Student: 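Structure below; questions to follow.
Source: prediction; values computed, not measured. Per chain, numbering begins at 1; letters A, B, ... match sequence-line order. Side chains included, hydrogens not; waters and symmetry mates left out as well; all remaining heavy atoms used.
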Amino acid sequence: MNYNLSNRNQFNDADYSLFPSQITQEEIEEQIQKAPDSVKKILQYYLLVDSENKYEEAKFILESFYKNKEIPIEKIKNPIVYKVIKTTRSIRRQIHKLMGLLRFHEVEGGYLYAPFTSDFDVIIPLSLHFAWRFPSERLIIHDIKREKAVFVEEGDLFEVVFHSMLPSETEDETFFQQLWKMYHQNISIQERENKKLQRHNLPIKFQHWLIEFEKQYIQGYLFEDEKLRLFYSQNGNNK
Amino acid sequence: MFIKKLPDTIQKLEILSRGAKYDVSCASSGVQRKVSTGGIGSTLSGGLCHSWSSDGRCISLLKTLQTNYCHNNCAYCINRCKNSIERTIVAPEELAKITYEFYRRNYIEGLFLSSGIFHNPDRTMELMLDTVKILRKKYKFNGYIHMKILPGADDNAIEQAILWADRISINVEFSTSSSFDLLAPQKNLRQIINTMKKINSIREKLIVFSKEKGYCARSGQSTQMIIGATPETDRQILKLSEYLYKKIQLKRVYYSAYVPVNQDSFLPQFIKPPLLREHRLYQADWLIRFYEFSLDELLTENNPSLSEDFDPKVSWALNHLDFFPVELMQADLYQLLRVPGIGPISARRILCLRKRGVIDLETLKRLGVVIKRAVYFVTIGGKYFGDVKMDYSLLLEKLSKCNSTREIVGDLFHRELQPI
């Protein structure tokens, strides 16, 4: 049966479930894209979380919206709605943070390579941001933890499979990294030093890929999880 | 023969960024713009932080001077002509290149360009404008640019700066003329405020004229005041801020706790910068801009300093207990905004939600209200949930225990910086 959601006024509650129970994951994703802003804001990034019943929860929110015309914030007493709103907030926050924290390394051949790790699967929204911002650059954005990489060229995104080591960094790259490290140290006012506030704003888990912080940067994508774990254990807990 | 080796790029940036770091503003917010065709860069209306330095401040712009040569001799400034420090000047092309290369590696959100005054203000402004124009035209750079206007710059330079930058600022530094006479005799309060007015009118004219095109300093104008170097009271400082926000439509006034960089007899030689005072001023500034407070409510002639122990909103509430409790199910926006623990966002959420039914404490928490403070000042459906009576001395004790985390961070910092 084909449900036309643009005609949703014809539905009155309780008669039947709005979505058939065997609705596929793609259809849920499609419905989220079609939904009005108040719902889209909550669900758009929710599917990036690693959770088993995320589709069920998304479906629940969509249904409750179309049935009762309630925007999600009105149902914040409901544990599922609260969980979804809270998770989405932290996903959005992390996307925003990583937009600022990715560091591109210029490698031979004119590519810019940026490795990162994150708690959520945010590589697509991140890549889109950089595709819009640097339309004339060729970018490789690499999620180390999930072993995913995206190649961006002229605003288009492609999936990447690595067959060889990355080319080495250019001479310019070494120079600008050195310049940036110097700038980062130099801009701090010693009389106001507040490492705790710095850690509060920039938790250790984010510091790993920042050239101005990292001591143990290992070039290229051959970065093993074991080393990441070791890094965390040496630098205090990242929780 | 005396031969001095010319500093290379790294040394230049080291010298110039050291001279620029006392400028507080690093915002990259206020304007949302997509990339231009064939160009590079965009801006986000909320701004974006790219790193944090070890003083905990965010780094979002490449903050630097064009030159640290300066003919002014302001007592509070590290670059004053009397100081014997290393001096240098960076070529516009070189600085534009550094900005561009930093930007495409995603180190920064844009450029913050200030300068000492080399020869005369117009000549220096010309150099700064060259840098900005090279970035905008040659590199087709569409990211954020914050430009300082030098005191004494002519109208043409101001107009050009507005045309190419996203944000414009000129530092007002002090709120009374007597401080200027003492510490910065070459500057003058009236002249600086007149320049700000001029910037505002030119900017408005250009925005109307340009019809959605050009940069036109759309993110507005900001300024900065030094806190603690002169005997001005909090009330005098905030009085000027209020005037600037209301009359000259400033976007932001920054407060900068004075860091003693020079040894002068008429400057205080304390060891730690007054960070808590700076923090309280920001809080009061927020109350004036977003919470519909007026300055006269917060501070009076007889009581011109903000409390160190409580944030200004809690202090106001403690002194106006007859205003409370506020009934959450009936209060209007103005009343909700007066409650400690409720902010503009959570107040609007409460207004939206209470149409659908009674609100309980758990819901309030989920809406973002700080319960540990709000609970003593509200009733929900006539019921009061606080564990002590609404009494001045009891509340004083309760509320002094629940300062926000940011203040705790600040407190710790103060303790660490005690003189050895």
Student: For the residue pair Arg366(B) and Tyr82(A), would you count it as a cation-pi contact if the rule is NZ or CZ under 6.0 angstrom from the ring centre and within 45 degrees of the ring axis?
Tutor: yes
Student: Side chain from CB out, backbone as N, CA, C, O: work out which of these in Lys63(B) comes under 4.5 Å of a heavy atom of chain A, or both, or neither.
Tutor: both
Student: As an exercise: rank Gly41(B), Cys49(B), Gly39(B), Ser51(B) by heavy-atom pairs under 4.5 Å with chain A and give me the winner.
Tutor: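 Of Gly41(B), Cys49(B), Gly39(B), Ser51(B), Ser51(B) has the most heavy-atom pairs under 4.5 Å with chain A.
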Student: Let's test your reading of the structure: which of Asp172(A), Leu102(A), Leu139(A), Ile85(A) forms the most heavy-atom pairs below 4.5 Å with chain B?
Tutor: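 Top count of heavy-atom pairs under 4.5 Å with chain B: Leu102(A).
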Student: If you count heavy-atom pairs within less than 4.5 Å of chain B, which of Phe130(A), Phe104(A), Phe175(A) leads?
Tutor: Phe104(A)
Student: Where does Leu13(B) contact chain A at under 4.5 Å (heavy atoms): side chain, backbone, both or neither?
Tutor: both
Student: Between Ala257(B) and chain A, which part of the residue has a heavy atom less than 4.5 Å away: side chain, backbone, both or neither?
Tutor: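 The answer is both parts of Ala257(B).
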Student: Non-hydrogen atoms of chain B under 4.5 Å away: do they reach the side chain of Ile187(A), the backbone, both or neither?
Tutor: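 Both parts, backbone and side chain.
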Student: Look up atom CG in Asn106(B) and atom CE in Met99(A), then write down how far apart they are to the nearest 0.5 Å.
Tutor: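 Those atoms lie 10.0 Å apart.
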Student: Relative to chain A, which segment of Glu14(B) carries a heavy atom at a distance below 4.5 Å: side chain, backbone, both, or neither?
Tutor: both
Student: Looking at Ile98(B), Leu62(B), Leu367(B), which one has more heavy-atom pairs under 4.5 Å with chain A than the rest?
Tutor: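 It is Leu62(B).
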Student: Any chance CD of Glu94(B) has more than 12 other-residue heavy atoms, nucleotides or ligands included, within less than 6.0 Å?
Tutor: yes
Student: Would you say the side chain of Pro273(B) lies within less than 4.5 Å of the side chain of Arg192(A), judging by non-hydrogen atoms?
Tutor: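 A side-chain contact exists here, since the closest heavy-atom pair is under 4.5 Å.
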Student: Can you say whether Gln185(A) sits under 4.5 Å from chain B via the side chain, the backbone, both, or neither, judging by heavy atoms?
Tutor: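 Contact with chain B involves no heavy atom of Gln185(A) at all.
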Student: Take Ile189(A) and Arg57(B), measure what side-chain contact (heavy atoms from CB on, under 4.5 Å) needs, and give me the verdict at the end.
Tutor: CA-CA 9 Å; Ile189(A) 300 177; Arg57(B) 299 188 304 162; 3.6 Å; yes
Student: Quick check for you: among Asp360(B), Leu48(B), Val35(B), which has the greatest number of heavy-atom pairs under 4.5 Å with chain A?
Tutor: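 Greatest number of close heavy-atom pairs with chain A: Leu48(B).
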Student: Does NZ or CZ of Lys196(A) fall inside the cone over Trp52(B)'s six-membered ring, less than 6.0 Å from its centre and within 45° of the axis?
Tutor: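 That pair does not qualify as a cation-pi contact.
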Student: Measure across Asp55(B) and Leu197(A) and return the closest heavy-atom pair with its distance rounded to 0.1 Å.
Tutor: O-CD2, 4.2 Å
Student: Does atom NZ of Lys54(A) have more than 12 heavy-atom neighbours from other groups under 6.0 Å away?
Tutor: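 Yes, because the 6.0 Å sphere around NZ of Lys54(A) holds more than 12 heavy atoms from other groups.
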Student: Are more than 12 heavy atoms from other residues, nucleotides or ligands located less than 6.0 Å from atom NZ of Lys77(A)?
Tutor: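 Atom NZ in Lys77(A) is packed in, count exceeds 12.
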Student: Please rank Ser54(B), Ser17(B), Gly46(B), Gly56(B) by heavy-atom pairs under 4.5 Å with chain A and give me the top one.
Tutor: Ser54(B)
Student: Pull out the residues in residues 23-31 of chain B that come under 4.5 Å of chain A, heavy atom to heavy atom, sorted by number.
Tutor: none
Student: Within the supplied structure, the quantity of interest is the number of heavy atoms (other residues, nucleotides, ligands) at a distance under 6.0 Å from Lys34(B) NZ; does it exceed 12?
Tutor: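 Atom NZ in Lys34(B) is not crowded, with 12 or fewer foreign heavy atoms closer than 6.0 Å.
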Student: For the interface with chain A, which of Thr37(B), Thr43(B), Asn142(B), Ile59(B) has the highest count of heavy-atom pairs at distances below 4.5 Å?
Tutor: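 Top count of heavy-atom pairs under 4.5 Å with chain A: Ile59(B).
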Student: Rounded at 0.5 Å granularity, tell me how far CD1 in Ile10(B) sits from CD in Gln178(A).
Tutor: 3.5 Å
Student: Count the heavy atoms of every other residue, nucleotide or ligand shown that sit under 6.0 Å from CD of Glu147(A), and state whether that count exceeds 12.
Tutor: no
Student: What is the minimum heavy-atom distance between Phe134(A) and Tyr103(B), and which atoms define it?
Tutor: CZ-O, 3.4 Å
Student: Relative to chain A, which of Arg18(B), Arg105(B), His50(B) shows the most heavy atom pairs under 4.5 Å?
Tutor: Arg105(B)
Student: For Arg104(B), is it the side chain, the backbone, both or neither that has a heavy atom under 4.5 Å from a heavy atom of chain A?
Tutor: both
Student: Trp180(A) vs Tyr107(B) aromatic rings, parallel, tilted or perpendicular, using cut-offs 30° and 60°?
Tutor: parallel
Student: What do you reckon, is CD1 of Ile345(B) surrounded by more than 12 foreign heavy atoms closer than 6.0 Å?
Tutor: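 Check fails, neighbour count at 12 or below.
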Student: Heavy-atom pairs under 4.5 Å with chain B: which of Glu137(A), His129(A), Lys86(A), Lys97(A) has the most?
Tutor: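 The option with the most such pairs is Glu137(A).
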